[in-house]
Amino acid sequence: MSNFFKVSVFLSGIIAIALSTPAQAAVTTQCQIQSREGQPSPLAMRALFTLESTSDGNVAVTYTNLPSPVGVGQPVTIEQTRKMIFYNSTIPAVRQQMLSNPTFFTELRGFSDPEGFKPFNDLLVCRSVGADKPQSSPPQSSTPQPGAAIADLVDGSYRYWNGAPSMNVTDKQLRPGSFTFLFTKAGNRIVGIFARPDDLAICMTGTVKGNTISGVVNLPVRFSDAEGRSRQNKPFDPPGYLKLGTWSNAGNAFSSSTLNLSEFNRINIGPRKAPSTCR
């Protein structure tokens, strides 16, 4: 078995291997697979998969094969649980590690899967333990984590701006000329509104890698074909955060557009609801 830095793997079931047994700690956040329309669960009701962060700062990733019959005649079933513990880490960081390094997921399940962790990651929904609903929006009193990539965020709703990180920003405090991006994240899919408080707001649908979103920009007002063509393949805003792609007159949209949020910081979600669609 591979020797991971600060990671222990143990198996329980028929065979149990304990490389390290951490002290019991309270679970604070739990993530589980939730299938969506057109995206069935890769578990196919044969297993369970969870990520749990604990009060001691660790993250446990658990894969459990549900009981299955063995042989014929006398009723016998077999089940197995494998758990991988990432010490001094966070759920977003662990998800990124498992996406970047397929060895983690292979060791966890005990076999190699060509599709890797991504189908699982795309369907994970996280919630605070004891909460009534998923963490679709961060607690207003929580402290943002500067430097965390947008791609590493758990699924939910967020707001970023090109100012200092804060969880107490009011609309009146948004300085003239500031830019905000209010969005919903599901896996690597992003739907959001890019706006200035004193100017046009536009909606973007795309995928995120790091802090850059690539996709389609949909306009709230109808552009003439001439105006659309004059703006394609150019920055939308003076700083150049959003670069419009190819104009489509029929769709009133710009495809192959990119939004670079590397200079943006997370703030409180605000009074407006993050979009789930641009239409």
Side-chain angles (χ1 to χ4, degrees), residues 36-39 96 99-100 118 121-122 136-137 144 146-153 155-165 169 171 173-267 269-279:
R36 304 188 183 100
E37 184 177 356
Q39 288 184 286
Q96 183 59 47
L99 285 170
S100 302
K118 186 178 184 303
N121 186 65
D122 289 348
S136 58
S137 59
I150 290 175
D152 295 341
L153 297 172
D155 292 355
S157 299
Y158 301 89
R159 186 169 62 154
Y160 276 61
W161 76 327
N162 60 331
V169 176
D171 281 356
Q173 291 174 313
L174 294 174
R175 65 184 186 277
S178 63
F179 293 86
T180 62
F181 188 58
L182 175 67
F183 64 96
T184 300
K185 180 178 183 290
N188 69 343
R189 182 176 179 270
I190 299 286
V191 180
I193 300 293
F194 181 70
R196 286 190 299 197
D198 54 353
D199 203 351
L200 183 68
I202 59 178
C203 190
M204 183 174 188
T205 302
T207 57
V208 62
K209 182 176 181 181
N211 287 309
T212 300
I213 299 160
S214 303
V216 177
V217 168
N218 297 274
L219 302 174
V221 296
R222 185 70 193 179
F223 274 20
S224 67
D225 188 44
E227 185 176 8
R229 288 181 180 276
S230 70
R231 294 200 179 197
Q232 69 178 349
N233 301 318
K234 295 180 180 179
F236 170 78
D237 53 282
Y241 299 126
L242 175 61
K243 294 183 179 179
L244 301 176
T246 304
W247 165 249
S248 168
N249 188 44
N252 192 46
F254 294 91
S255 62
S256 303
S257 301
T258 58
L259 176 60
N260 186 343
L261 299 173
S262 59
E263 297 181 11
F264 280 53
N265 290 296
R266 181 175 161 188
I267 58 175
I269 197 72
R272 297 172 183 80
K273 183 178 178 181
S276 58
T277 178
C278 283
R279 297 297 185 186

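Numbers for residues simply follow the sequence, beginning at 1.
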D155 side chain to G187 backbone, donor-acceptor under 3.5 Å: yes
CG (L182) and CD1 (I269) are apart, to the nearest 0.5 Å, by 5.0 Å
For R266 and L153, which heavy atoms make the closest approach, and how far apart are they? NH1-CD2, 4.4 Å
On a heavy-atom basis, the closest approach of P235 and G240 is CB-CA, 4.0 Å
Taking atom CD of Q96 and atom CG of N121, what is their separation to the nearest 0.5 Å? 8.5 Å
If only atom types and distance count, is the side chain of D225 paired as donor or acceptor with the main-chain N or O of N249 below 3.5 Å? no
Identified side chain to side chain contact (heavy atoms under 4.5 Å, CB included) partner of I213 from the options N260, N188, V208, T258: V208
K185 vs I190, side chain to side chain contact (heavy atoms under 4.5 Å, CB included): CA-CA, chis, key distance, verdict: CA-CA 5 Å; K185 180 178 183 290; I190 299 286; 3.8 Å; yes
What distance do T246 atom OG1 and N233 atom CG have between them, rounded to the nearest 0.5 Å? 5.0 Å
Donor-acceptor pair, N265 side chain versus G163 backbone, under 3.5 Å? yes
Looking at residues at least two apart in the chain, or sitting in another chain, which of them share a ring-ring contact (aromatic ring centres under 6.0 Å, His included) with F183? Y158, Y160, F181
Around E227, counting heavy atoms of other residues, nucleotides and ligands shown, do more than 12 lie under 6.0 Å from its CD? yes
Got T212 and S262 here, is their nearest side-chain heavy-atom distance under 4.5 Å? no
Rounded to the nearest 0.5 Å, what separation is found between the CG atom of N218 and the CD1 atom of I202? 9.0 Å
Using every non-hydrogen atom in the two residues, find where I267 and A164 come nearest and quote the distance to one decimal. CG2-O, 4.0 Å
Q232 to W247 - nearest heavy-atom pair and separation: OE1-N, 2.8 Å
Would you say the side-chain atoms of T180 pair up with the backbone N or O of W161, donor to acceptor, closer than 3.5 Å? no
Kindly assign one of parallel, tilted or perpendicular to the pair F194 and Y241, based on the angle between their ring planes and the thresholds 30° and 60°. perpendicular
Between V169 and R159 the two heavy atoms that sit nearest each other are O-NH2, 3.7 Å
Would you say P275 and V191 make side-chain contact, with heavy atoms under 4.5 Å? yes
Does S257 reach the main-chain N or O of G245 with its side chain, forming a donor-acceptor pair under 3.5 Å? yes
Within the side chain of N211, is there an N or O that forms a donor-acceptor pair under 3.5 Å with the backbone of I150? yes
Nearest-0.5 Å distance, OG1 of residue T184 to CZ of residue R189: 9.0 Å
Flag, side chain of D237 to backbone of L242, donor-acceptor distance under 3.5 Å: yes
